[in-house]
2 protein chains.
Amino acid sequence: MTDASHFWYADDPSIAALLESVRRFRRADADMRRRVSAGMAMNVTDMQALQYVIATEQRGGHALPRDIAAYLAISTASTTKLLDRLTASGHLERSTHPTDRRSVVVTSTPHAHDEIHARLSRMHQAMAEIAAAVPDEARPALTAFLDAMSAHLDSETGVEPLTPA
Amino acid sequence: MTDASHFWYADDPSIAALLESVRRFRRADADMRRRVSAGMAMNVTDMQALQYVIATEQRGGHALPRDIAAYLAISTASTTKLLDRLTASGHLERSTHPTDRRSVVVTSTPHAHDEIHARLSRMHQAMAEIAAAVPDEARPALTAFLDAMSAHLDSETGVEPLTPA
DNA sequence: TCGGTATCGCTAGCCAGGCTAGATGTTTCT
DNA sequence: AGAAACATCTAGCCTGGCTAGCGATACCGA
C-alpha cells in the first residue's frame, strides 16, 4: 500500500499494468451501463431485467418474475414494481404461465427488441471484433484469467460483519 | 440474435467463450462490491468513495468533495450527504483546505484504513497472484484487450435518447 | 379425496439515497 | 471595488429499494 499507483500489490510492472487495465475496464463498464439506461430513460436495473428477459427468450425459456428477482438480487416485491414500470413503458408484457396458474411469464415486446437491438448490437459487434483481434494463442490465457478472477470474486470477501463472534 | 448462447455475435467458439468470460467477470465484480459494502454496513457508493479517498491520499493528493462527486458521478449535494454519513460512522473527516477556504479536504481515519485493509488486502493479493499466473507472453494481449474494451465502452453507446431530431 | 403447507405474485407502507434549487461564504478577474 | 464564478451546504422532493402479509394455486401425505 505504499505505491503511488492505487492500491495494488504488484512488484512486476506488467502485472501492475494488467491490474490497472482491469480496474479501468470495471469503471468503463459501469459507466456504459449508466449511459445506456439513461439513454433509454430507464434505470440500470430495469435495463438488466430487460436484457435478461430477452436473453431467456432467445434461449427458448420462460422468464418468470421470481427468476428475474434472483438474477437481479432484488426482492420479488421490487420485481413486481419493476415489471409494472416496464409493462407501462411497453417493453414487457405479463402473460399466464402455461402450467402453473400462480405464476406469470414475462415476455418482451417487439418494441423492446428493436430498442435494445438499436442500442446494443453495434456495441456487441464491436466487442466481438475486439475479441477477434486477440491472437489465437493468447485466448485461452485470457479466458482463464477472467474466469479465475470471477471465481475469486465469487468466493471470498466478507459477507459477515467482520468478527461476528 | 438467433443463437442460444446469449446475445453475442460470434462465430468462432473461442471468441464466444471469451465474451462469455467477460460477461461473467462483470457480474462477479458487481456482486462482490455488493457483498463487501454490505459486510461493512454501507452502500456501494459510500464504499467507492472511501476507496477513492484512501487512494487519493496514498497518491499524495487531497480528496475534495467536488472530485468525489465527479468520480462517483453524483451531485455535490448528494456528496455532502455521503460525507455526513461517512463522518458520522467515523470513516472520514472533513478538514479545512490549506489554501482555498471555500473548500474542504476529506481525509480517512485510521479506522477506515484498517477496515478497508482487513477486507480488501487479501482480495487484492489474490488478484495480483491471478495476474502473475498469466504467462508472460500473453500479458500484452490481455492488457490490450481490456484497454480496447474500455476505450470502446467509453466511446460509444447512446447518451442521446435515440433520434432526438 | 381432503387438509396442511409451500410457493407464486401482488399490495401496502416504509426508508435510503439519489436529485434540483437556492443560500452562504470565498476567490478571481477586470 | 464590484461582478462573476466557485465550493459546499441546506431544504425538500422522488425513485427504487425493502419487509410484512394476503389471496390463489400447487403439491403431498394420510
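The sequence lines fix the lettering, A, B, ..., with proteins before strands; numbering per chain opens at 1. When reading the values below, keep in mind they use all heavy atoms of this one structure, side chains included, and skip hydrogens, waters and symmetry mates.
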Open item on the list: Tell me whether A:T109 contacts the main-chain N or O of A:A112 through its side chain, where contact means a donor paired with an acceptor under 3.5 Å.
Closed with: yes
Task: Qualifying residues under salt bridge (charged side-chain N to carboxylate O under 4.0 Å, His left out), relative to A:D136, sequence neighbours excluded - done: A:R139
- [ ] At the 4.0 Å heavy-atom cut-off to chain B, mark where contacts on DNA chain D begin and end, going 5' to 3'.
- [x] D:dC6 to D:dG12
Task: Heavy atoms of other groups near B:R27 CZ, more than 12 under 6.0 Å - done: yes
Open item on the list: I'd like to know if A:Y71 and A:I74 are part of one continuous hydrophobic network [Ile/Leu/Val/Met/Phe/Trp/Tyr, side-chain heavy atoms within less than 4.5 Å].
Closed with: yes
TODO: Check salt bridge (charged side-chain N to carboxylate O under 4.0 Å, His left out) between B:R33 and all other residues, then give those that pass, not counting sequence neighbours.
DONE: B:D29
Expected rows: protein N/O vs nucleotides 24-30 of chain C N/O, under 3.5 Å:
{"from": "C:dT27", "atom 1": "OP1", "to": "B:R101", "atom 2": "N", "distance (Å)": "2.9"}

Open item on the list: Restricting to salt bridge (charged side-chain N to carboxylate O under 4.0 Å, His left out), what partner residues turn up for A:D67, sequence neighbours left out?
Closed with: none
Task: A:R66 side chain near C:dC10 phosphate (N/O to OP1/OP2, under 4.0 Å) - done: no
Task: Residues touching DNA chain D, which here means a heavy atom under 4.0 Å, drawn from residues 68-82 of chain B - done: B:T76, B:A77, B:T80, B:K81
Task: Residues clustering with B:L64 (ILVMFWY side chains joined when closer than 4.5 Å, directly or via others) - done: B:V105
Open item on the list: My understanding is that only residues two or more places apart in sequence, or in another chain, count here; which of them pass salt bridge (charged side-chain N to carboxylate O under 4.0 Å, His left out) with B:R34?
Closed with: B:D31
TODO: Note down the inter-axis angle between the two ends of the helix from C:dT1-D:dA30 to C:dT30-D:dA1, five pairs each, to the nearest 10°.
DONE: 30°
Task: Residue pairs involving residues 81-106 of chain A (criterion ring-ring contact (aromatic ring centres under 6.0 Å, His included); sequence neighbours excluded) - done: A:H91-A:H111
TODO: Return the value, rounded to whole Å, for the distance between atom NE2 of A:H62 and atom C1' of C:dG9.
DONE: 17 Å
TODO: Measure the distance from CG on A:N43 to C1' on C:dG17 and round it to the nearest whole Å.
DONE: 14 Å
TODO: Could you check how far CG of A:L64 sits from P of C:dC8, rounded to whole Å?
DONE: 9 Å
TODO: Indicate whether OP1 or OP2 belonging to C:dC10 is found under 4.0 Å from a side-chain N or O atom of A:R94.
DONE: yes
Task: Donor-acceptor under 3.5 Å (B:S121 side chain, B:A118 main chain) - done: no
Task: Contact list for residues 39-48 of chain A, test salt bridge (charged side-chain N to carboxylate O under 4.0 Å, His left out), sequence neighbours left out - done: A:D46-A:R85
Task: For the student: nearest non-hydrogen atoms of A:F145 and B:A131, plus distance - done: CE1-CA, 3.8 Å
Open item on the list: Which residues pass the side-chain hydrogen bond (donor to acceptor under 3.5 Å, both in side chains) test with B:E57, not counting sequence neighbours?
Closed with: B:S108
Open item on the list: I need the CG-C1' distance between A:L83 and C:dC10, as an integer number of Å.
Closed with: 11 Å
